[in-house]
Amino acid sequence: MDYRHIRRETDQGVARLTLARPEVLNSFNRGMVAELREAFTAVAADDEVRAVLLTGEGRAFCAGQDLAEAVPPDGTPRPDIGDIVEGYNGLILAIRTLEKPVVCAVNGVAAGAGANIALACDIVLAADDASFIQAFAKIGLLPDNGGTFFLPRLVGMARATSLAMLADRLPAQRALEWGMIYDVVPSGVLLDTATDLARQLATQPTRGLGLIKRALNASWENDLARQLALEAELQREAGRTADYLEGVRAFQQKRKPGFVGR
Ligand code: LHQ
């Protein structure tokens, strides 16, 4: 597929997906949502890809929904807001069900849908000058893109409620202290750090990492007994991979493992 609003490059097992509408702070129009969904579907099917890196071009990660598309300033009819949100829903599910690690490099402000797409990723690194804004309440909306699901689970109900209702800017360092993201790095080294991390993940037992993600996804809904049963089932699956044998043999032979992702 030819992309207009994002870029997709694959190198050393990592698919880098870049939001590329910097003139509007990478805000999402429907074309960009569709392209990003397609890109996640494509990387799921591509055995060469063993990790994904999501980032934004320019000074922002993403300013959320393109508000000029949501409410056209020239008075042309507004698109159905439910249809817009359903487009995002497919994207969030594509990220959460992709059984490969997704690293997000938040290179600047992440607002509205942009903040919650970042939180849907597996490992979130942010630049020290980045920030997160649950901007929705400022325009009479509620957090979407899974915000009402991820936020209370990541930071607890008190902070989730305050972030959603006050729509304040949360600096990256505070997001780190609150357990919302994995790490903060100087902005000048963000992309290199995130690329190194994604490349490292791309050399790891990809099936096993995918099963970790499936188990963690399920843990949000399961009670302990069901989660234990799921762990046993998935461990059987992990135990059948070539990478399991390779990992144990490499340990026994005191050498570095060479994982093949199967
Ligand atoms: C933008 C945007 C933007 C268009 C900056 N759209 N142009 C779902 C369903 C349907 C409807 C609605 O939404 C949703 C989900 C959502 O995501 S709701 C939340 C939508 N996002 C926002 O409310 C954030 C709006 N943006 C901002 O508050 C600020 O731009 C932030 C705080 C992100 C950055 O502020 P600054 O660094 O001061 O930049 P800026 O405001 O000057 O923006 C730079 C340019 O980007 C500017 O264009 P211009 O032509 O004046 O240079 C903005 O108009 C444009 N831009 N966000 N979401």
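Because the structure is predicted, anything quoted here is derived from the model rather than measured. First listed ligand is number 1; within each ligand, the first listed atom is number 1.
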Report yes or no: does Lys138 have a heavy atom closer than 4.0 Å to ligand 1?
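It does not, in that no heavy atom of Lys138 comes within the 4.0 Å cut-off of ligand 1.
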
Note the single closest protein heavy atom to [atom], along with its residue, its atom name and the distance in Å.
atom                    : value
atom 29 (C) of ligand 1 : Leu25 CD1, 4.8 Å
atom 18 (S) of ligand 1 : Phe136 CD2, 3.5 Å
atom 56 (N) of ligand 1 : Val24 O, 4.0 Å
atom 4 (C) of ligand 1  : Asp66 OD1, 3.4 Å
atom 14 (C) of ligand 1 : Gln65 CB, 3.4 Å
atom 52 (O) of ligand 1 : Glu23 O, 4.8 Å
atom 37 (O) of ligand 1 : Arg59 NH1, 2.8 Å

Could you tell me which atoms of ligand 1, counted from 1 in the order shown, lie closer than 4.0 angstrom to a heavy atom of [X]?
X      : value
Val85  : 9 (C)
Arg169 : 32 (C)
Leu141 : 12 (C), 13 (O)
Ala70  : 11 (C)

Could you tell me whether Ala63 approaches ligand 1 through its side chain, its backbone, both or neither, with non-hydrogen atoms closer than 4.0 Å?
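Both parts.
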
Is the contact between Ile133 and ligand 1 made by the side chain, the backbone, both, or neither, using heavy atoms and a 4.0 Å cut-off?
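It is the side chain that touches ligand 1; the backbone stays farther off.
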
Protein heavy atom under 4.0 Å of atom 21 (N) of ligand 1
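Neighbour list for atom 21 (N) of ligand 1 includes protein heavy atoms (cut-off 4.0 Å).
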
Answer yes or no: is there a side-chain heavy-atom contact under 4.5 Å between Tyr244 and Arg207?
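The answer is no; the side chains never approach within 4.5 Å.
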
Does any N or O atom in Ile84 lie less than 3.5 angstrom from one in ligand 1, N or O only?
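The answer is no, given that Ile84 and ligand 1 share no N or O pair closer than 3.5 Å.
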
